[in-house]
Amino acid sequence: MTEAVLISIVILIVSAILHEIAHGYVAEKLGDPTARLAGRLTLNPIPHIDPMMSILVPIMLIVLHSPIIFGGAKPVPVNPLMLREGRKDLALVALAGPLTNLLIACLAAIFIRILGPSFIMIKVIEYNLILGFLNLIPIPPLDGSKFFSFILPQDLVQKYYSLAPFGVFALFALLLLTPLGDILYALVVNSMRLLGIV
């Protein structure tokens, strides 16, 4: 494994962990301590690592020279019944992850403006933009689906969530077989231009 690939994997893992910690932190602020009680509000990577999404998927995409590189950590447990305002709070918890990734990208851009560009910071921006935008897609179990479900009639929500086991396959199919991958790539590139990186 080359140094660049290793650095990329580390950046993805750390970014995904911060994404999940943000979910758990906001959930606790809104009344649900489940993530903290499960030991998931920690920077220790061990409780967060998912062998498939944290390691195998990113390596596969990097090796295949995919224009879109992404990964993930184990989802933090959230109990919607403990949230004070139910579906509304669940939508806020869901948004916390992608917004954290977009904030990290902006902070890395500021870092580059001050100290100059580096491979690591550019990859931090690129991967966090990808994680942020990708997770806003309303395909269960992505975060965008929990936000989107807030506007669905209550009787459709569970049917919508029942699609989650097929969501990852649907996402890969959409990225590979439709313009979605190109659209996401263009969104990331234009966002990096907006941040003054490319």
Side-chain angles (χ1 to χ4, degrees), residues 1-23 25-26 43 48 53-73 75 91-148 150-151 167-168 170-198:
M1 186 180 298
T2 68
E3 182 180 352
V5 170
L6 183 59
I7 289 172
S8 296
I9 297 298
V10 170
I11 291 170
L12 274 169
I13 290 174
V14 172
S15 301
I17 287 172
L18 293 173
H19 174 112
E20 293 300 330
I21 289 174
H23 286 316
Y25 178 80
V26 171
L43 291 174
H48 299 285
M53 290 304 297
S54 303
I55 299 172
L56 293 179
V57 167
I59 289 175
M60 179 185 70
L61 293 173
I62 291 169
V63 169
L64 293 175
H65 302 288
S66 169
I68 298 297
I69 310 297
F70 65 91
L92 294 175
V93 170
L95 279 179
L99 291 181
T100 295
N101 292 124
L102 297 179
L103 177 61
I104 291 170
C106 292
L107 291 174
I110 293 171
F111 188 94
I112 285 177
R113 289 289 183 91
I114 296 171
L115 298 179
S118 70
F119 173 79
I120 290 176
M121 284 297 106
I122 290 173
K123 287 300 177 184
V124 167
I125 294 170
E126 179 184 347
Y127 291 159
N128 275 280
L129 287 173
I130 291 172
L131 287 174
F133 293 138
L134 190 72
N135 273 284
L136 290 174
I137 297 173
I139 298 175
L142 296 178
D143 298 323
S145 67
K146 297 179 181 67
F147 183 75
F148 180 69
F150 179 58
I151 65 174
V168 173
L171 178 62
F172 272 109
L174 289 171
L175 289 173
L176 293 172
L177 303 175
T178 75
L180 179 63
D182 294 331
I183 292 169
L184 184 61
Y185 179 74
L187 184 59
V188 170
V189 170
N190 287 325
S191 296
M192 292 181 77
R193 287 187 182 131
L194 189 63
L195 292 171
I197 305 306
V198 295

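None of the values given here were measured: they were computed from a predicted structure. One is the number of the first residue; the rest follow in order along the sequence.
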To the closest 0.5 Å, what do you measure between CG (N135) and CG (L102)? 10.0 Å
Does a side-chain heavy-atom distance below 4.5 Å link V93 with D143? no
Which atoms form the tightest heavy-atom contact between G71 and L131, and what is the distance? O-CD2, 3.3 Å
P98 vs H23 side-chain heavy atoms within contact, under 4.5 Å: yes
With a 4.5 Å limit on heavy-atom distance, are the side chains of M192 and I122 in contact? yes
Can you find a pair of side-chain heavy atoms, one from P117 and one from I112, that are under 4.5 Å apart? yes
Look up atom OG in S8 and atom CD1 in I13, then write down how far apart they are to the nearest 0.5 Å. 11.0 Å
Minimum heavy-atom separation for A94 and F147, please, with both atom names. CB-N, 4.3 Å
Mind checking whether L18 and N101 have side chains closer than 4.5 Å, heavy atoms only? no
Nearest 0.5 Å please: distance from the CG atom of L107 over to the CD1 atom of I125. 10.0 Å
If I compare all heavy atoms of L136 with all of G132, which pair ends up nearest, and what's the gap? CG-O, 3.3 Å
What are the two closest heavy atoms between A96 and T100, and how far apart are they? O-OG1, 2.7 Å
Is the centre of the F70 ring less than 6.0 Å from the centre of the F172 ring? yes
Heavy-atom closest contact (S54 atom, G72 atom, distance): OG-O, 2.6 Å
Does the side chain of I139 reach to within under 4.5 Å of the side chain of L174, using non-hydrogen atoms? yes
Identify the heavy atoms of A16 and A73 that sit nearest to each other, and give their distance. CB-N, 3.6 Å
Note, L12 side chain near I130 side chain (heavy atom, < 4.5 Å): no
To the nearest 0.5 Å, how far apart are CD in E126 and CG in L195? 12.5 Å
Counting only N and O atoms by type, is there a donor-acceptor contact under 3.5 Å from the side chain of K146 to the main-chain atoms of P141? yes
When rounded to the nearest 0.5 angstrom, what is the spacing between OH in Y127 and CD1 in I104? 15.0 Å
Rounded to the nearest 0.5 Å, how far does CG of L180 lie from CG of L134? 8.0 Å
Using a cut-off of 6.0 Å, state whether more than 12 heavy atoms not belonging to L43 lie near its atom CG. no
Do the non-hydrogen side-chain atoms of I62 and I9 ever get within less than 4.5 Å of each other? yes
